[in-house]
Amino acid sequence: MPGSGRRLKRVKMAEEDILAERRKKLAGLLERGVEAYGRRYDRTNPIAAVTESSERVLICGRLMAWRDHGKAAFADLEDFSGRIQLYFQRDRLGDDFSRVKDLDIGDFVGVAGRPFRTRTGMLTIGVEEFTLLSKSLRPLPEKWHGLKDVEIRYRQRYLDLLANPDTRKVFATRSRIIAGIRRQLDQLGFLEVETPMMHPIPGGAEARPFVTHHNALELELYLRIAPELYLKRLLVGGLERVYEINRSFRNEGISTLHNPEFTMLELYAAYGDYRLMAELAELLILNAIDELFPDSGRRLSYQGREIDFTPPWPRLTLAELLRERLDLPGWDDRSLLLERARAGGLELDGSETVFDLLDLLFKFRIQPGLVRPTFVLDYPAEISPLAKSKPGQPGVVERFELFIGGLEVGNAYSELNDPIDQERRFQAEVRTGRPDRPKVVDEDYIEALSYGMPPAGGLGIGLDRLVMILVDTASIRDVILFPILRPVR
RNA sequence: GCGCCGUUAGCUCAACAGGCAGAGCAGCUGACUCUUAAUCAGCAGGUUGAAGGUUCGAUUCCUUCACGGCGUACCA
């Protein structure tokens with residue numbers, strides 16, 4: 001402990017010098033009665049909207065660069081819309097020109113002036129008045145290389161955002177993608193709802209939950225692993241089209257594809273089925289691409305590979321894929337699966353179930369090849385307890401998973417609405433005793449189903465992963481503003 | 001959890017084969033009224049992530065630890 005305190009002090013020394021310098025300046029301002037932390041500033045327009053023909057404008061933002069020229073100075077002012085050059089001149093500012101010394105890189109400043117072109121053709125504001133809006137006490141990350149340190153980028157995302165325009169663009173795009181999906185669903189008559197994030201029984205997916213505790217109720221609660229079971233209760237209640245866009249929480253490993261809290265879209269449409277959900281997924285994603293990248297020809301580059309989004313996206317059954325890619329007649333024969341897995345060099349401990357083997361084979365031998373958006377249809381019932389059976393195919397359910405660029409981004413079912421079958425399947429899950437399955441049957445959900453739930457299609461899309469693909473990032477951390485990191489000690 | 005890689009000034013990076021820790025930006029002082037990675041002159045800034053070891057001498061080699069990244073496992 002004393003060590004870490006000492007270290008902090010030492011490491012910060014050089015920064016302290018700069019801080020002390022700025023504090024001195026700040027004290028000087030206060031002595032002169034200057035407000036270093038200003039107030040409302042009514043700008044006439046964002047920086048990007050300034051044109052040469054604009055009359056006198058009021059703009060504000062952060063000072064990002066400073067070029068002193070004795071009796072004049074150039075600076076760069078940046079707001080969320082863009083950046084513009086400022087020109088401070090003694091001839092124009094008179095006595096006020098001495099106040100230019102109050103300004104530092106990093107300060108927020110409001111500026112009134114008239115736009116003009118410099119000799120080199122650069123659109124510039126000839127500053128007539130300027131107001132300090134907020135004093136910066138710490139040095140900004142380096143202007144040319146930006147901020148590269150990955151840890152600082154994630155821990156102090158504000159520095160990443162202010163230093164790296166690309167980061168701002170990623171999160172602006174993320175926002176537009178999600179807003180666009182909302183808009184589309186609203187137009188299709190879906191109702192956006194919010195269901196509990198704290199569940200007495202975690203369900204709707206296979207994952208280990210986070211546990212928490214409610215004191216007054218003396219109740220164990222779980223952060224939801226999926227909103228599914230609550231959304232389907234709403235179908236029972238007569239809401240025919242519902243969706244929720246929000247966080248789910250899974251207490252699993254962290255990787256470039258997994259953050260413990262992640263954002264999922266789940267939607268349910270009464271009287272639909274999984275094939276309808278495939279059409280909807282295709283529509284939602286294509287519209288997002290058309291809106292964001294109208295000139296892309298629906299071909300996007302992801303991590304150096306081109307993804308062709310031209311519809312219709314292939315719809316292949318799991319059985320077809322197993323047959324074509326792995327020469328497997330099905331998933332009934334464990335020894336055959338085992339043989340393929342061994343031949344594929346997969347690491348096994350021998351205790352794998354048929355479905356473990358199937359999962360491994362799929363994940364390593366088939367999934368990486370699913371670059372073009374592909375719906376994989378018709379999964380084993382045993383690993384899909386919430387999906388409706390496929391007529392005439394015992395052991396198979398109406399389910400698809402959507403893969404894009406080798407990543408799993410979507411999952412959909414024809415929703416199981418038979419309360420008796422559902423209860424049986426829940427009981428089977430509980431019997432496995434696995435930590436990623438419920439410990440008890442969700443009787444409340446069974447009761448809801450037994451009042452009658454309309455047949456329905458349900459779709460889940462991992463929005464973080466969808467954003468990853470559309471903005472071409474390798475890690476989920478690059479599309480989550482504050483990804484989970486170990487706390488600094 | 002395991003494996004590999006990384007951690008040097010506020011930021012971005014150097015430092016041969018173990019031999020005085022350096023540059024650019026940012027900062028400070030000064031010069032400069034069309035610059036734009038402004039320029040010019042000067043100054044300051046470091047227990048090289050931490051602890052230990054080897055050595056006459058460690059940023060460099062070894063061990064342990066911390067944090068991060070990637071991979072892998074677990075897992076949708």
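Naming: A, B, ... by sequence-line order, numbering from 1 per chain. Please read these numbers as outputs of a predicted model, since none were measured by experiment.
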So which of A:Tyr230, A:Phe210, A:Phe249 actually passes ring-ring contact (aromatic ring centres under 6.0 Å, His included) with A:His199?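 With A:His199 as partner, ring-ring contact (aromatic ring centres under 6.0 Å, His included) holds for just one option, A:Tyr230.
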
Scan [X] against the nucleic acid and name what it touches under 4.0 Å (heavy atoms): base, sugar-phosphate only, or nothing.
| X | value |
| --- | --- |
| A:Arg465 | nothing |
| A:Tyr154 | sugar-phosphate |
| A:Leu140 | nothing |
| A:Leu159 | nothing |
| A:Arg437 | nothing |
| A:Asp68 | base |
| A:Phe97 | nothing |
| A:Gly106 | nothing |

Does OP1 or OP2 of [N] have a side-chain N or O of [X] closer than 4.0 Å?
| X | N | result |
| --- | --- | --- |
| A:Arg486 | B:rG68 | yes |
| A:Ser475 | B:rG69 | no |
| A:Thr256 | B:rG71 | yes |
| A:Arg155 | B:rG68 | yes |

Partner of [N] by Watson-Crick or G-U wobble geometry, both contacts under 3.5 Å, or none?
| N | result |
| --- | --- |
| B:rU39 | B:rA31 |
| B:rA66 | B:rU7 |
| B:rA23 | B:rU12 |
| B:rG71 | B:rC2 |
| B:rG57 | none |

In whole Å, measure the gap between the [atom1] atoms of [N] and [M] for me.
| N | M | atom1 | result |
| --- | --- | --- | --- |
| B:rA50 | B:rG24 | C1' | 29 Å |
| B:rC56 | B:rA15 | C1' | 22 Å |
| B:rA58 | B:rA14 | P | 24 Å |
| B:rA21 | B:rG57 | C1' | 15 Å |
| B:rG22 | B:rC34 | P | 37 Å |
| B:rU12 | B:rA37 | C1' | 13 Å |
| B:rG46 | B:rC11 | P | 13 Å |
| B:rA41 | B:rC5 | P | 43 Å |

Which heavy-atom pair separates A:His69 from A:Arg67 by the least distance, and what is that distance?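 Here A:His69 and A:Arg67 meet closest at CD2-O, 3.4 Å.
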
Figure out the [atom1]/[atom2] separation between [X] and [N], and round it to whole Å.
| X | N | atom1 | atom2 | answer |
| --- | --- | --- | --- | --- |
| A:Leu63 | B:rU35 | CG | C1' | 15 Å |
| A:Glu151 | B:rC5 | CD | P | 19 Å |
| A:Trp66 | B:rC25 | CH2 | C1' | 18 Å |
| A:Glu252 | B:rG1 | CD | P | 15 Å |
| A:Leu103 | B:rC28 | CG | P | 12 Å |
| A:Arg62 | B:rA26 | CZ | P | 16 Å |
| A:Arg153 | B:rG6 | CZ | C1' | 16 Å |
| A:Asp356 | B:rC74 | CG | P | 9 Å |

Is there a donor-acceptor contact under 3.5 Å from the side chain of A:Arg315 to the main chain of A:Trp313?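 Yes; judged by distance alone, with no hydrogens or angles, the pair exists.
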
Starting the side chain at C-beta, find the nucleotide from [options] nearest to [X].
| X | options | answer |
| --- | --- | --- |
| A:Pro139 | B:rG27, B:rC11, B:rG10 | B:rG10 |
| A:Lys148 | B:rC67, B:rA26, B:rU12 | B:rU12 |
| A:Glu142 | B:rU12, B:rA26, B:rG68 | B:rU12 |
| A:Arg67 | B:rU35, B:rU12, B:rC67 | B:rU35 |
| A:Thr118 | B:rC74, B:rC34, B:rG27 | B:rC34 |
| A:Arg477 | B:rC11, B:rC70, B:rU12 | B:rC70 |
| A:Lys25 | B:rG69, B:rC28, B:rU35 | B:rC28 |
| A:Phe74 | B:rG69, B:rC11, B:rC34 | B:rC34 |
| A:Glu21 | B:rC67, B:rA37, B:rC28 | B:rC28 |

Salt-bridge test for A:Arg233 and A:Asp442: reply yes if a basic N is under 4.0 Å from a carboxylate O, no otherwise.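 A:Asp442 and A:Arg233: salt-bridged.
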
Regarding A:Arg208 and A:Asp436, does a basic nitrogen lie under 4.0 Å from an acidic carboxylate oxygen?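 Result for this pair is no, no salt bridge flagged.
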
Most 5' of A:Gly121 and A:Phe88 on RNA chain B, judged by nearest nucleotide: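 Whichever sits nearer the 5' end wins; that is A:Phe88.
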
With nearest nucleotide decided by heavy atoms, which residue, A:Ala207 or A:Ile254, maps closer to the 5′ end of RNA chain B?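 The residue closer to the strand's 5' end, by nearest nucleotide, is A:Ile254.
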
Under a 3.5 Å cutoff, is there a donor and acceptor pairing between the side chains of A:Tyr222 and A:Glu220?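 Judged by distance alone, the side chains do not pair up.
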
Under 3.5 Å, is there a donor-acceptor pair between the A:Arg224 and A:Thr195 side chains?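 Yes, a side-chain donor-acceptor pair sits under 3.5 Å.
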
I'd like to know if A:Gln85 reaches the base of B:rU35 with its side chain such that a donor and an acceptor end up less than 3.5 angstrom apart.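 Under the 3.5 Å cut-off, the side chain and the base do form a donor-acceptor pair.
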
A:Phe362 side chain near A:Trp331 side chain, heavy-atom distance below 4.5 Å: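 They are not in side-chain contact.
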
State, with a plain yes or no, whether a side-chain heavy atom of A:Met468 is found less than 4.5 Å away from one of A:Tyr302.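 Yes; the side chains approach each other to less than 4.5 Å.
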
